[in-house]
Amino acid sequence: MAPHSTLLGSDITQLRAAGVSLVLDLADGGLPRVLHWGADLGPLSRQALEGLRLALAPQPIGNPVDGPVPVAVLPEQSAGWLGTPGLVGNRGGRDFSTAFRVSRSELTADDEQPGTGGSLLVRAHDETAALELELTVELTPTGLVRQRASVTNRGESVFALDALHLTLPVPAAATELLDFTGRHLRERSPQRTAFTQGLRMRENRTGRTGYDSAYLLAAGTPGFGNRTGEVWAVHTAWSGNHRTYAERTFHAVSLLGSGELLLSGEVLLEPGASYDSPWQYGSWGVGLDELSARFHRRLRSRPHHPQVPRPVVVNTWEAVYFDHDLGRLRALADAAAAVGAERFVLDDGWFGSRRDDRRGLGDWYVSDEVWPGGLGPLTDHVTGLGMQFGLWVEPEMINEDSDLARAHPDWIMAAGDRLPGPARSQQVLDLGRPEAFAHILERLDDLLTTYPISYLKWDHNRDLVEAGHRPTGRAGVHQQTLATYRLMDELRRRHPGVEIESCSSGGGRVDLAILERTDRVWVSDCIDALERQQIQRWTNALIPLELMGTHVGSGIAHTTGRRHTLDFRAGTALFGHFGIEWDLTAADPEDLARLAEWIVLYKELRGLLHSGTAVHADHPDPAYRLHGVVAEDGSEALYALVAMATSELYPTGPVRLPGLDPDALYRVRPQAPGDIPDGNAHHWGVPLPWWTPEGVTLPGRALASAGLQAPVLYPERLVLLRATRVGSASAR
Ligand code: DGJ
């Protein structure tokens with residue numbers, strides 16, 4: 001039976017899914033409060049739910065108001081909350097504070113399948129402020145909480161909305177915070193702090209998801225790790241300005257909150273107009289891996305999630321940069337096809353006057369200068385080799401030195417008449433302007449109609465600085481973000497088979513809203529494998545491997561100058577959507593042969609890598625990392641043991657293999673290719689006793705707790721371990 005909706009007959013409700021319980025309290029007609037978000041409490045009777053409410057009701061002592069201070073998912077000062085307010089705005093200087101009363105609440109759940117989550121829709125009004133609020137709080141089948149709010153102006157004058165934040169409470173036991181910072185070439189750097197009293201506010205004002213964004217903001221029990229400790233995290237699914245915060249007060253309230261960061265005057269609600277907040281996602285787990293798996297399963301359940309094996313990509317950027325030449329690119333396509341590539345992506349430089357990164361953005365016409373016969377000769381060659389063809393675009397941007405800017409200078413976003421300083425010599429095209437939007441849509445639609453393009457690499461290479469609409473002078477990041485979504489949605493509607501990669505000077509636009517309309521993210525412009533180990537690990541905290549673009553670069557990394565073995569580069573790219581970004585026409589035959597071996601392995605394993613559960617060991621030695629993927633049914637797993645540096649330990653000692661079925665028996669063996677397939681880390685080394693083609697057979701439980709001896713590796717090398725279920729542990 002399909003899920004059905006009922007008016008909520010009770011003022012307290014419990015949703016359960018995938019080991020999580022969410023208990024929502026709507027007592028006294030106020031906005032919903034989360035009584036519990038975390039480990040499943042089992043099915044609770046109404047009496048038990050009321051008992052929980054009673055047990056958790058705070059003592060009304062010394063509060064700003066008489067009586068307890070309930071903190072709703074949209075916290076309000078009218079309820080006595082003096083922390084960060086849920087809704088900030090005013091109507092001509094009045095109505096600065098809200099007091100919403102719930103008029104209707106409706107629960108949608110599947111009675112036939114209890115324990116698969118559900119959705120609570122709450123409608124509330126503030127008659128004084130003349131505002132209506134619609135709040136959706138869901139527990140998804142994978143155990144993620146997600147919520148959003150929509151506020152409508154029911155008054156007769158404009159309501160200026162400054163902020164709308166939603167929150168989720170975490171227990172006092174969550175005393176440590178983890179969030180992320182980053183920059184170009186070094187995305188998603190973790191940072192840990194104590195969760196002390198006060199507000200830790202992470203704001204992003206770059207007009208894109210941003211490098212220096214919280215990404216995930218997690219609070220956990222002391223020392224929580226990949227596999228241990230309880231941890232709660234929120235993610236703000238928004239690709240424009242946003243805030244994500246952790247707040248702890250002396251009232252023993254700890255919250256994780258988030259919302260869009262609205263610029264001054266950006267949302268002025270006319271009578272009858274509404275504002276929709278981004279979705280806020282919350283995930284709980286024992287260890288980060290469990291928390292991440294909920295996001296991964298959710299993303300995998302998207303209707304458009306790629307169902308076909310992720311093709312091996314060859315991207316032209318680091319191979320030729322702006323040197324577009326049919327002969328050279330044909331040769332690259334030949335070399336790539338010969339090693340097993342399946343998709344050829346033509347990067348920046350094919351259009352208008354774009355012979356370098358200073359001009360041409362906005363002129364989305366194939367350049368006669370470098371492509372006198374159009375792109376046809378190249379697309380014919382690529383498709384003739386059996387590869388798909390992909391094309392780079394950057395639709396939200398414009399160079400001042402472009403025909404488009406010369407024809408429509410007022411399509412450039414600016415605060416009044418003052419143009420923002422250029423970044424990468426470019427400006428932002430105002431897609432909130434209908435004519436500009438229509439022009440770009442027509443250009444992209446035409447390209448997708450003319451050429452056999454099955455993939456767009458959609459780039460976005462600057463922050464939005466003073467991004468206003470002209471001539472009104474109103475702040476425009478909110479509209480720009482929505483217009484970008486509309487543009488992608490419309491192109492997908494017109495060209496349903498076309499995949500889109502979200503790129504933003506590398507990994508500057510990675511969030512769950514952009515992933516509602518894209519099929520992979522470009523993780524970073526840094527394809528130095530050592531840096532990538534770190535960047536990919538943390539990108540994977542939110543999104544699964546098949547959505548992460550991971551490429552093998554040339555022997556010397558273009559962005560760091562480091563030199564790495566092909567095995568280290570390819571073994572790093574294996575854990576993602578594999579590609580090549582290297583001038584293969586200049587590679588030596590041994591490298592090409594070895595790369596072909598890695599591609600054979602990727603093709604063999606991509607089914608596992610792109611459907612299994614990602615696992616990361618809590619290895620005590622900072623010099624070594626162990627991560628992997630375990631099949632959902634526990635039948636097999638692939639692990640990478642990575643030496644990030646030299647170790648204090650010599651030999652290295654055992655590593656534990658997490659995530660296997662504890663009751664099954666596994667054969668673990670080295671998987672070639674790899675840096676030391678014969679077990680010889682050093683020229684004087686003696687192979688580990690178990691490092692043989694037969695490997696060693698042990699129960700999953702023993703591998704997870706006793707582990708097995710790891711080979712000593714040179715720094716910046718890796719080996720692969722393959723585990724195959726061979727029976728039941730108890731049968732032995
Ligand atoms: C930034 C991207 O991250 C790169 O991969 C490449 O596409 C360049 N832009 C092209 O300008």
Side-chain angles (χ1 to χ4, degrees), residues 182-188 206-211 239 313-324 329 332 343-364 367 370 389-399 401-402 422-429 444 447 453 455-464 484 499-511 514 518-529 531-532 535-536 539 547-554 557-560 569 573 576-583:
R183 60 163 171 83
H184 184 221
L185 306 174
R186 202 176 194 281
E187 291 85 341
R188 290 168 277 289
T206 62
R208 48 177 157 173
T209 324
Y211 303 117
S239 318
V313 170
V314 54
N315 185 290
T316 61
W317 182 240
E318 286 203 0
V320 304
Y321 292 102
F322 286 102
D323 184 12
H324 283 207
L329 288 165
L332 179 64
R343 172 182 285 163
F344 182 96
V345 180
L346 183 66
D347 212 286
D348 197 356
W350 56 267
F351 54 93
S353 57
R354 188 79 171 169
R355 303 292 79 78
D356 55 39
D357 65 4
R358 292 193 295 278
R359 68 202 90 239
L361 284 176
D363 298 339
W364 303 109
S367 161
V370 277
F389 183 77
L391 191 66
W392 179 95
V393 290
E394 193 178 359
E396 299 143 86
M397 297 292 159
I398 182 166
N399 282 120
D401 185 355
S402 68
R424 207 192 188 208
S425 306
Q426 66 197 56
Q427 297 285 1
V428 181
L429 179 70
L444 295 179
L447 286 162
I453 297 168
Y455 181 81
L456 286 178
K457 177 176 176 184
W458 188 302
D459 211 338
H460 177 284
N461 283 309
R462 69 159 291 169
D463 293 332
L464 272 62
T484 302
E499 291 187 11
I500 301 179
E501 173 177 51
S502 172
C503 172
S504 185
S505 320
R509 189 150 68 181
V510 181
D511 64 78
I514 207 73
T518 55
D519 304 284
R520 86 168 201 169
V521 301
W522 180 227
V523 170
S524 177
D525 275 353
C526 181
I527 46 180
D528 170 323
E531 301 289 324
R532 273 297 188 117
I535 300 170
Q536 290 175 201
T539 304
L547 299 180
M548 293 167 38
T550 53
H551 293 178
V552 179
S554 59
H558 289 199
T559 53
T560 61
R569 277 136 60 206
H577 178 185
F578 190 95
I580 307 156
E581 198 160 327
W582 170 14
D583 184 2

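As the structure lists them, so they are numbered: ligands from 1, and atoms in each ligand from 1.
Ranking the protein heavy atoms by distance from atom 1 (C) of ligand 1 puts D459 OD2, 3.1 Å first. Closest protein heavy atom to atom 3 (O) of ligand 1: D525 OD1, 2.4 Å.
The side-chain heavy atoms of E394 and F351, taken from C-beta on, include no pair separated by under 4.5 Å.
Residue W522 approaches ligand 1 through these ligand atoms, each under 4.0 Å from one of its heavy atoms: 3 (O), 5 (O). Ligand 1 places these atoms under 4.0 Å from at least one heavy atom of G506: 3 (O). For ligand 1, the atoms lying closer than 4.0 Å to a non-hydrogen atom of W392 are 7 (O), 10 (C), 11 (O).
There is no side-chain donor-acceptor pair under 3.5 Å between Q426 and N461. Side-chain contact check for R359 and S353: no donor-acceptor pair (N or O, by modelled atom type) lies under 3.5 Å. Under the 3.5 Å distance criterion, with hydrogens and angles disregarded, a donor-acceptor pair is assigned to the side chains of W392 and D459.
One finds the CZ atom of R509 at 4.0 Å from the CD atom of E396 (value rounded to the nearest 0.5 Å).
For the pair R424 and ligand 1, a heavy-atom separation below 4.0 Å is found. For the ligand labelled ligand 1, residue E318 lies outside the 4.0 Å heavy-atom shell. Under the 4.0 angstrom criterion for non-hydrogen atoms, D357 is not in contact with ligand 1.
Annotation: cation-pi pair R532/W522 present, NZ/CZ under 6.0 Å from the ring centroid and within 45° of its normal. Cation-pi contact between R354 and F322: absent, since separation from the ring centre below 6.0 Å together with deviation from the ring axis within 45° is not met.
Residue H460 does not touch ligand 1, judged by heavy-atom distances below 4.0 Å. In C503, the part holding a heavy atom less than 4.0 Å from any atom of ligand 1 is the side chain. For N461, every heavy-atom contact with ligand 1 shorter than 4.0 Å involves the side chain, none the backbone.
For ligand 1, one of its N or O atoms has an N or O atom of D348 under 3.5 Å away. At under 3.5 Å, a nitrogen or oxygen of K457, whether backbone or side chain, sits near a nitrogen or oxygen of ligand 1. At least one N or O atom of D347 sits closer than 3.5 Å to an N or O atom of ligand 1.
Within a 6.0 Å radius of CZ in R186, no more than 12 heavy atoms belonging to other residues, nucleotides or ligands are found.
Remark: the backbone N or O of S505 is paired with a side-chain donor or acceptor of Y211 at under 3.5 angstrom.
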